[in-house]
There are 2 protein chains.
Amino acid sequence: MAQPTITDVARHAGVSIKTVSRVLNREDGVRDSTRLRVESAIADLGYAPNQSARDLASRHAHLICLVYDDPSAYELPSAGYIMRMQSGALRVCRQHGYELLIHPCNYRNKDIHADLEGVIRRARPAGILLAAPLSNMRGIVGTINASGTPLVRLSPGLKRVQDRVVATNDREFSAGMVHHLAALGHHRIAFISGHPKHKAVGQRLLGYQDGLEQCGLAFSPQLVAAGDNSFCSGRTAALQLLQQPCRPTAIFAANDDMAVGVMHAAHQLGVRIPGDLSVAGCDDITLAQQVFPPLTTTRQPFAAMAEQATLMLIQGSAKDRPDQDGVVVPGSLQIRATTGPPPE
Amino acid sequence: MAQPTITDVARHAGVSIKTVSRVLNREDGVRDSTRLRVESAIADLGYAPNQSARDLASRHAHLICLVYDDPSAYELPSAGYIMRMQSGALRVCRQHGYELLIHPCNYRNKDIHADLEGVIRRARPAGILLAAPLSNMRGIVGTINASGTPLVRLSPGLKRVQDRVVATNDREFSAGMVHHLAALGHHRIAFISGHPKHKAVGQRLLGYQDGLEQCGLAFSPQLVAAGDNSFCSGRTAALQLLQQPCRPTAIFAANDDMAVGVMHAAHQLGVRIPGDLSVAGCDDITLAQQVFPPLTTTRQPFAAMAEQATLMLIQGSAKDRPDQDGVVVPGSLQIRATTGPPPE
DNA sequence: AAGAAAGCTGACAACGTTGTCAACCGGAAC
DNA sequence: GTTCCGGTTGACAACGTTGTCAGCTTTCTT
């Protein structure tokens, strides 16, 4: 049951182990005929290189470490977010012969710095993917950078794109949602803003204003209500918006939880969706497709972001080009059934 | 920025590297005074052992590999299931200095065998955790066993507990749900069965029958409707059950999707929950807490199962005792707001 | 007090790769 | 016929641990 080693392959192909190593790593400077001989030896023996040995010799593990805030602390509302990132990162890791290590941790925990230093020292990953909200915390970024491990941050909603960051265009796609509503014929489009500390959500208010302006609609403070990202705050804000004299025909909420709150309030007031009121959200949480009618929303491209970031890490470490520009991965509108033409 | 090595620690403590190694691995046969000296040297230098070197020398990686069916193929309905397993496995891995490798794969893919052989050969994990439904597929289990890597299977709903399997007691806790309903005063408790191919769901019908018998209630075929695990099938089955002459006062569905379907049907018929009808499900999916009123259900202990299984793998490999008995981790009732006393 | 047993400790060889550098080989240039 | 040079290849030393086994101390036994 002993696995064949590089020595076995070398003997079988009649070359030195170094040549086999060169073939494995696609280094050039190997004659085609030799390469072929080695490759068939590899196939004959069913050989696969031993990662541990490889990692030891090459001074870093072929491992990407995905660090995110521990969701089990809050009972899994963010499961979809994390699964999408995992799946994007995994896809790229596999293409390049890397494995993905997942490392959830809780930012409220004082030991988080020692914890991160621990994984880095033990596993020696080739790079670290740091997800929001951890990616916006100075201390954590500092700890990782101090270790010298290449880092790429996933930071949706950053104002300016920084180096080694993968961001989203929340402002742009929020404007896009306003365009969608305006195109349906809406003039009075309300907005429910989110928690002031949440960066991406802040960008969405700006995007809403951009959208109004681009569509030639006036911005009215009476059409903006403050929420805090929760279902309840969305419900309250909607009740307020819908009971004012000149009621909006569409409500755009800065996240899906609040949008679902809006739907609840509308139901309570006997306002039909989308007949009397169009509703739109942001995030495309799992619930968005499960409510009735299915919610029109915007999807942050978490999987694509993670793919980009992983690629930056792997190629950066391969090419000794650790510094790379930031990248913006565009979100997309998910038009479903809660938006339609205004009444009359 | 060079990390200290075991040699540095040895020099600093005035011992040989072997002694440091012994301290690191908690081997006995080290004098307390020596151990203390080494430990303080480790602390002084901020040393952490290099996993790659360790793995190479000890012939296996300190890695547990969690293999599950790829959810991104079906758009993430099972995100909660997977996150819970991950989080349980991670908890135990960390306690024992292991890392967790995640390896989703699609059983419909012909390459799955080569794929699994690949990870095993490359990463040389200390053990593999195989989640349902993959854990019940002969071919896949065979491929992993052929590699010689220790395997533990997570198989909810197995009839008989086998070796190296962590199972659940679906039959028992389903009976428990009937007890809960009977205790509230229900006599006419209906059941909606699930997809015949899904093992755990099959056990639940048996548990329902056990529960009736234990509570001295008669089993009536008219109170059992067939579903297929989907929301729609639950809805249809409920419409049928609720429109028959002598309507049940409680409906117990073999999974939560169908239970939510029941709630939908009741809403449509103007049947109040829990005033007119109690509803119970199984699985405790995320949606269960998001519907109104929150759904009474049973929770399969995925995190605890994964903890158990990981422990079996780690201790099995440590003690050269690869064969271990199977274990049943009990599920629990999640009593929420959809169950209450029957009307009158 | 001597010998035996147990308790500690260390020297050194794995483990299976990659990195470094020297050597070889064939053809072009002189 | 040398010399030189780029393209190929291989010998051998890392990499940082663990495993084996021998040797040195203690402690126990008589």
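We name chains A, B, ... by the order of the sequence lines, and we start the count at 1 in each one.
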**Item:** Partner of Thr149(B) by side chain to side chain contact (heavy atoms under 4.5 Å, CB included), out of Leu116(B), Ile128(B), Val119(B)
**Value:** Ile128(B)
**Message:** For Asp115(B), give me all partners under salt bridge (charged side-chain N to carboxylate O under 4.0 Å, His left out), at least two apart in sequence or on another chain.
**Reply:** none
**Complete:** Double-helix bend of the helix from dA1(C)-dT30(D) to dC30(C)-dG1(D), axes at both ends from 5 pairs, round to 10°, gives 40°
**Message:** In whole Å, I'd like the distance from the CG atom of Leu36(A) to the P atom of dT9(D).
**Reply:** 12 Å
**Complete:** Residue set satisfying side chain to side chain contact (heavy atoms under 4.5 Å, CB included) with His113(A), at least two apart, ordered chain then number -> Ile140(A), Thr143(A)
**Request:** Would you please name every residue forming a side chain to side chain donor-acceptor pair (under 3.5 Å) with Arg31(B), sequence neighbours left out?
**Result:** none
**Request:** Can you sort out the partners of Thr168(A) under side chain to side chain donor-acceptor pair (under 3.5 Å), two or more places apart, ordered by chain and number?
**Result:** Asp170(A)
**Fill in**
Reading nucleotides 22-28 of chain C from 5' to 3' and marking B where a protein heavy atom lies under 4.0 Å of the base, S where only the sugar-phosphate is that close, and - otherwise, the string is -------
**Under 4.0 Å protein heavy-atom contacts per nucleotide of nucleotides 12-28 of chain D, with B for base, S for backbone only and - for none** = ---BBBBBB--------
**Fill in**
Residues pairing under side chain to side chain donor-acceptor pair (under 3.5 Å) where one sits in residues 118-129 of chain B, two or more places apart or in two chains, turn out to be Glu99(A)-Arg122(B)
**With sequence neighbours excluded, residues passing side chain to side chain donor-acceptor pair (under 3.5 Å) with Arg37(A)** = none
**Asked** By side chain to side chain contact (heavy atoms under 4.5 Å, CB included), which residues pair with Gln95(A), not counting sequence neighbours?
**Response** Arg91(A)
**Message:** Can you tell me if Thr19(A) touches the phosphate of dG10(D), counting only side-chain N or O atoms and a distance under 4.0 Å to OP1 or OP2?
**Reply:** yes
**Complete:** Asp32(A) atom CG is separated from dG7(D) atom P, nearest whole Å, by 14 Å
**Request:** Go through the structure and list residues passing side chain to side chain contact (heavy atoms under 4.5 Å, CB included) with Ser58(A), not counting sequence neighbours.
**Result:** His60(A), His62(A)
**Set of residues satisfying side chain to side chain contact (heavy atoms under 4.5 Å, CB included) with respect to Arg59(A), sequence neighbours excluded** = none
